[in-house]
2 protein chains.
Amino acid sequence: MKKAHGKLIFGTFLKDRGLRFTKERSVILQKTLSCSGHFDPESLYLQIREAGLKASRASVYRTLSILCECGLIERVKKTERGTIYENMFGHEHHDHMLCIQCGNLIEFYSEELERLQEALCKKQGFQGTGHNLEIRGYCRKCRKKKR
Amino acid sequence: MKKAHGKLIFGTFLKDRGLRFTKERSVILQKTLSCSGHFDPESLYLQIREAGLKASRASVYRTLSILCECGLIERVKKTERGTIYENMFGHEHHDHMLCIQCGNLIEFYSEELERLQEALCKKQGFQGTGHNLEIRGYCRKCRKKKR
DNA sequence: ACATTAATTGAGAATGAGTCTCAATTACAA
DNA sequence: TTGTAATTGAGACTCATTCTCAATTAATGT
Ligand SMILES: [Mn+2]
Ligand SMILES: [Mn+2]
Ligand SMILES: [Zn+2]
Ligand SMILES: [Zn+2]
């Protein structure tokens, strides 16, 4: 199953570095993987508490860093209200369009876009390892409302 | 001249909104426009003090926000150490490649990339107004060192 | 030039995300 | 089970940014 596999990846990653698979890390991993979309550390922490589980804010922050390193989640961006993460396990890489009117977030993927970036990197002698693209503007709904 | 024109744009923008062109705003505008690349609020503030000019941190932050609104500068991104701005006056829109080894920042522009994004927006019924693309990886120099 | 008045300033307090400390706890290999 | 190094968590701390508000000042009209 998905979650089990996520656990395996995390467990292996930890063991490889002499880190320990603690109850707290397990809880945070689980809640993280059950997140469908984007999330922030504080909400995750509150979710854990509401579920009657145990993990401090400090552990949440620390564990999210590790989960980033092992690729199970990604730091999407920093906003004025803090860092936004995204569960990457089972999700494919994609980019975002953000509606500056309603906050709606559209995920999209374009093979052509990826290839083009690759070509642009080559032109600069640059070896790309990742990227973030956020397009801001107005979503379909908000455009209609404006009319 | 360039700076005079920047001043005009800012002055007009302020007047249109019933805001005032104060000495402090003038100083901040000037230092901002003389910035060639990227900068952060604190450095700008220190630069102003070192030049014997007068403007508080509060005013720097407040004025940078206004300069963003009127398009003379842009908030490039938030990092763990704060917000990075960029003087946009006289500069054309471009995107960035960031070397995760040495911190080197490469600016690039691709008409094709812009067109492709436009097309992707259309496909989603999205009206794009701006975007940020940061490609992370290893610059030419750092790739050689690795060898 | 002068008065009027609302916008602006700045010192320092407040906020808030994230990190750090360190004594107590715990995972885990032998 | 034991030994030991990794981990935890409460709260102190950091640091960027925003807020407060009394004093100052830009802009407008006379
Ligand atoms: Mn996403
Ligand atoms: Mn740039
Ligand atoms: Zn919208
Ligand atoms: Zn480099």
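A note on names: the letters A, B, ... follow the listed sequences, proteins ahead of strands, and every chain is numbered from 1.
- For DNA chain D, the residues of residues 77-85 of chain B within the heavy-atom distance limit of 4.0 Å (strictly under) are B:Arg81, B:Gly82, B:Thr83, sorted by number.
- Using modelled atom types and a 3.5 Å distance limit, the side chains of A:His93 and A:Glu114 yield a donor-acceptor pair.
- A:Thr32 places a side-chain N or O within 3.5 Å of a backbone atom of A:Ile28 that can act as its donor or acceptor partner.
- Non-hydrogen atoms lying under 4.0 Å from DNA chain D are contributed by A:Ser59, A:Arg62, all within residues 59-72 of chain A.
- Of the possible polar contacts, none joining the A:Asn132 side chain to the B:Ile135 backbone as a donor-acceptor pair under 3.5 Å is found.
- For B:Glu111, the CD atom is densely surrounded, since the number of other residues' heavy atoms within 6.0 Å is greater than 12.
- Remark: side-chain polar atoms of A:His96 are not paired, donor with acceptor, to backbone N or O of A:His94 under 3.5 angstrom.
- Between the A:Asn87 side chain and the A:Leu33 main chain, a donor and an acceptor come within less than 3.5 Å of each other.
- Nucleotide C:dA14 holds its P atom 18 Å from the CZ atom of B:Arg57, rounded to whole Å.
- A donor-acceptor pair under 3.5 Å is formed between the side chain of B:Arg140 and the backbone N or O of A:Gln124.
- The stretch residues 36-44 of chain B does not touch DNA chain C, since none of its heavy atoms comes less than 4.0 Å from the strand.
- In summary, contact between chain B and DNA chain D, defined as any nucleotide atom under 4.0 Å from a heavy atom of the protein, begins and ends at D:dA16 to D:dA27 in the 5' to 3' direction.
- Close to C:dA27, at under 4.0 Å from its OP1 or OP2, lies a side-chain N or O of A:Lys23.
- Between the side chains of A:Gln117 and A:His131, at least one donor N or O lies within less than 3.5 Å of an accepting N or O.
- No more than 12 heavy-atom neighbours from other residues, nucleotides or ligands sit within 6.0 angstrom of CD on A:Glu112.
- Here the side chain of A:Arg75 pairs no donor or acceptor atom with the backbone of A:Thr83 at under 3.5 angstrom.
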Only pairs under 3.5 Å count here: list side-chain donor-acceptor contacts from residues 8-21 of chain B, not counting sequence neighbours, and write none if there are none.
from: B:Thr12; atom 1: OG1; to: B:Leu8; atom 2: O; distance (Å): 2.8
from: B:Arg17; atom 1: NH1; to: B:Glu69; atom 2: OE1; distance (Å): 3.2

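- Although no hydrogens or angles enter the test, the distance criterion places no donor-acceptor pair under 3.5 Å between the side chain of A:Ser26 and the main chain of A:Thr22.
- For the helix from C:dA1-D:dT30 to C:dA30-D:dT1, the rotation axes defined at the first and last 5 base pairs enclose an angle of 40°, given to the nearest 10°.
- Between the side chains of A:Arg62 and A:Ser65, no donor N or O sits under 3.5 Å from an acceptor N or O.
- Judged purely by atom type and a 3.5 angstrom limit, A:Ser34 uses its side chain to pair as donor or acceptor with the backbone of A:Lys31.
- Geometric assessment of B:Lys146 against the ring of B:Tyr138 yields a positive cation-pi assignment under the 6.0 Å and 45° thresholds.
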